[in-house]
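By convention in this document, chain letters (A, B, ...) are assigned in the order of the sequence lines, proteins followed by strands, and residues within each chain are numbered from 1. These numbers come from the heavy atoms of this one structure, side chains and all, not from hydrogens, waters or symmetry mates.
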There are 2 protein chains.
Amino acid sequence: MSNSISLVALRLFVRVAATESFATAARQQGLPASSVSRHIAALEKALGQRLLYRHTRAVRLTEVGERYYQQVREILDTLDIATEQAAGEATHPQGLLRINAPVAFGRRHIAPQLANFQRAYPNIETELTLSDAFIDPVQEGVDVVVRVGALNDSSLVARRLANQHFVVCASPEYLEHWGVPATPDALSEHNCLIYKGTRGKQPWYFRDSGARKYRIREVRGNLRSNNAESLLEAALQGQGIVLFPTWLIHEELSVGRLVPILSAWEASGEPAPQGIHAIFPENRLRSSKVAAFLETLQGAIGEPPYWDA
Amino acid sequence: MSNSISLVALRLFVRVAATESFATAARQQGLPASSVSRHIAALEKALGQRLLYRHTRAVRLTEVGERYYQQVREILDTLDIATEQAAGEATHPQGLLRINAPVAFGRRHIAPQLANFQRAYPNIETELTLSDAFIDPVQEGVDVVVRVGALNDSSLVARRLANQHFVVCASPEYLEHWGVPATPDALSEHNCLIYKGTRGKQPWYFRDSGARKYRIREVRGNLRSNNAESLLEAALQGQGIVLFPTWLIHEELSVGRLVPILSAWEASGEPAPQGIHAIFPENRLRSSKVAAFLETLQGAIGEPPYWDA
DNA sequence: AAATCGAGTTGCTCATATTGCAATTCACTT
DNA sequence: AAGTGAATTGCAATATGAGCAACTCGATTT
């Protein structure tokens, strides 16, 4: 009987289905796992159908569970938006806003804005998590995810917050000691600190001012890392030359602890320009909390972004 | 907080909004009025918004209430359909099916079919209410409404169950005593029992077999009623001539208690052919209960309907 | 003008459902 | 073979909703 179904049960089901785990669903909702178990059981009993296969190690949706999950997720989202609107939150947004961002970008450009944001919207509680691994907002139950660089898919909506510019630079001490390279080719004579992530060594791209295509320039050096801030640290200590997006080093550039070089060329860490995006499930598009946050953030960053101005 | 909202509260809110009354909503859901009051109050508290104006005599939706009502109604319908599907009811429909039909048609052609239907779908509980006043399925919380004749609006979906044919007829005794009119014009010499409903006296229409348009023929008589079965009763007792749809009198025709006359003409109680329709909210379209019922009913009626065969 | 009626709300008690914790089971990992 | 993480089950404390009755308020009736 559809009358014996409870909203919490549906919410929990969606969380369990998204995370494929009773335990993390329980944690996300701040309930004991036992409650989750029982709610799901009650839901299954009400439907007379098994929604999830419980393997010891993993939880998998059954066929009907899969269909039901998709439908219920959509329904709950719609309900939440409708409720939010009715609650007048469209004019005075309130509630919990969960944000996820990359560590470096989040610390530099999200966290500092949060105070402003909270002041403008005192009824919004924010929860900022920083992580560099890609986060699926629907799986994690997060409202907005900020990502730098390429977007893979999907059923998610992205909004460009800013464009990304790279500069080649080094500390004054380094340049004084080793000289300033005059052309990209000259970099082969220098110690270049290279980012090496999951996609291998990040090549350095250059193009003449005004040219359309970037060309790869081979560079070498004695330090590679998958952690940008370590490379930055090394560069500050005069160990070598780095290629970084401006949002990461605008502070160091402005106080002169790093000096841009090769300014006659445009450099990049990507074969094509990449932006900084906010990503969220399609349904969150109309959430006033998300809208308010993005509006504030976009406004604070500006166009061009303040770190490039 | 959208988390403190309960499904029952939403269901009750929809019922209250549809009926504009706490009391009837309570009755429909089989709950004490106090519970309804408290659930609505809780919902309003959760939203921080008043959804309904309580005037002593009537309950009216506020502006936000109106919007929320539309949205929630849609959401609940969607949820119910999804749940029904997940419960495997698509293959084995079950649950409660609420049907409303006009008194005369319902008694003759719906009620007798119900037994068959119940046998075919033993898990469906049916609730048949008969009433001649037009019923809004969403307001009354009914799944299917059967209506004869013109459809007014609306946001509802209609499905034609059968076409309606009229015949002019009288009892053998009447015809023996007063003679058989040879043409429609001759009716002016006879006692015609006329239906007089909310739209005034129902005129009688005739056309030659094959002609396209009906023409009104004035008729008179000493009995008018807004109740078809009273006229029928009078006709059976030899009081006069009646014009009725075949579904109403096929029994009497087949046993000879009424005899059709003027068969060379096509008669009608409406200026244009009118059908018999099943009406339901758009969302119920995909309800397997409703689908099963309509399928069974349509099959039982046949094409042409059994009362015309 | 007083009385009545219908509709909604509020107070109170009782039954039921839910929570949270502890104990148990189970399958996989070390 | 023991250990671990994840789900389920049992149980006591608690919170929640149902149901009934009393109460308020405004409109219609007498």
Side-chain angles (χ1 to χ4, degrees), chain A residues 1-62 65-66 68-69 139-141, chain B residues 1-62 64-66 68-69 76 139-141:
Chain A
M1 179 76 83
S2 69
N3 231 340
S4 58
I5 291 179
S6 98
L7 262 191
V8 257
L10 292 175
R11 290 215 144 86
L12 285 173
F13 168 60
V14 167
R15 291 301 55 234
V16 169
T19 60
E20 300 195 321
S21 151
F22 279 59
T24 64
R27 256 174 271 125
Q28 287 186 0
Q29 302 284 300
L31 277 182
S34 57
S35 296
V36 180
S37 177
R38 274 188 280 247
H39 269 122
I40 301 291
L43 182 57
E44 288 180 325
K45 184 173 158 220
L47 293 176
Q49 293 283 339
R50 182 143 285 236
L51 292 171
L52 301 155
Y53 293 122
R54 279 85 149 173
H55 275 143
T56 309
R57 210 72 205 145
V59 175
R60 248 182 38 248
L61 283 164
T62 64
E66 174 66 31
Y68 199 52
Y69 163 57
Q139 181 166 340
E140 299 291 324
Chain B
M1 180 75 84
S2 71
N3 230 341
S4 58
I5 291 179
S6 101
L7 261 192
V8 256
L10 292 175
R11 290 214 144 88
L12 285 172
F13 168 59
V14 167
R15 296 290 66 229
V16 169
T19 62
E20 300 196 319
S21 152
F22 280 58
T24 64
R27 258 175 268 126
Q28 287 184 1
Q29 302 283 300
L31 275 182
S34 58
S35 295
V36 179
S37 177
R38 272 188 279 250
H39 274 295
I40 301 290
L43 182 58
E44 287 180 327
K45 185 172 159 221
L47 293 176
Q49 292 284 336
R50 179 143 287 235
L51 294 171
L52 301 155
Y53 293 123
R54 280 87 149 170
H55 271 147
T56 310
R57 211 73 204 145
V59 175
R60 248 183 36 250
L61 282 164
T62 64
V64 301
E66 175 65 33
Y68 198 53
Y69 163 57
L76 289 183
Q139 180 166 340
E140 298 291 324

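Spacing between atom NZ of B:Lys45 and atom P of D:dG17 amounts to 11 Å, rounded to whole angstrom units. For the pair B:His55 NE2 and C:dG6 P, the computed distance is 21 Å after rounding to whole Å. To the nearest angstrom, P of D:dA7 lies 11 Å from CD of A:Glu20. Remark: P of C:dA27 and CZ of A:Arg60 are 15 Å apart, rounded to the nearest angstrom. Atom pair A:Leu31:CG and D:dT14:C1' shows a separation of 15 Å (rounding to whole Å applied). Whole-Å rounding puts the A:Arg11 CZ to C:dT18 C1' distance at 18 Å. Between B:Arg27 atom CZ and C:dG6 atom P the separation is 11 Å, expressed in whole Å. To the nearest angstrom, P of D:dG26 lies 16 Å from CZ of B:Phe22.
Across all strands, A:Ser21 comes closer than 4.0 Å only to sugar-phosphate atoms, never to a base (heavy-atom distances). Among the atoms of the strands shown, only primed sugar atoms or phosphate atoms (P, OP1, OP2) are found under 4.0 Å from some heavy atom of B:Val59.
Remark: A:Arg54 is not in phosphate contact with D:dA6, judged by side-chain N or O atoms under 4.0 Å from OP1 or OP2. Taking side-chain N and O atoms only, B:Ser35 has a distance below 4.0 Å to OP1 or OP2 of D:dA18. Residue B:Arg38 places no side-chain N or O under 4.0 Å from the OP1 or OP2 atom of D:dG17.
Although no hydrogens or angles enter the test, the distance criterion places no donor-acceptor pair under 3.5 Å between the side chain of A:Glu66 and the main chain of A:Leu61. Judged by distance alone, the side chain of B:Gln29 and the main-chain N or O of B:Val8 form no donor-acceptor pair under 3.5 Å. B:Thr19 places no side-chain N or O within 3.5 Å of a backbone atom of B:Thr24 that could act as its donor or acceptor partner.
Put simply, CZ on B:Arg38 and NZ on B:Lys45 are 13.5 Å apart, with the number rounded to the nearest 0.5 Å. Taking OG1 from B:Thr62 and OH from B:Tyr68, the interatomic distance works out to 12.0 Å, rounded to the nearest 0.5 Å.
With C:dT18, C:dG20, D:dA21 as the choices, the nucleotide that has an atom nearest any side-chain atom of A:Ser34 turns out to be C:dG20.
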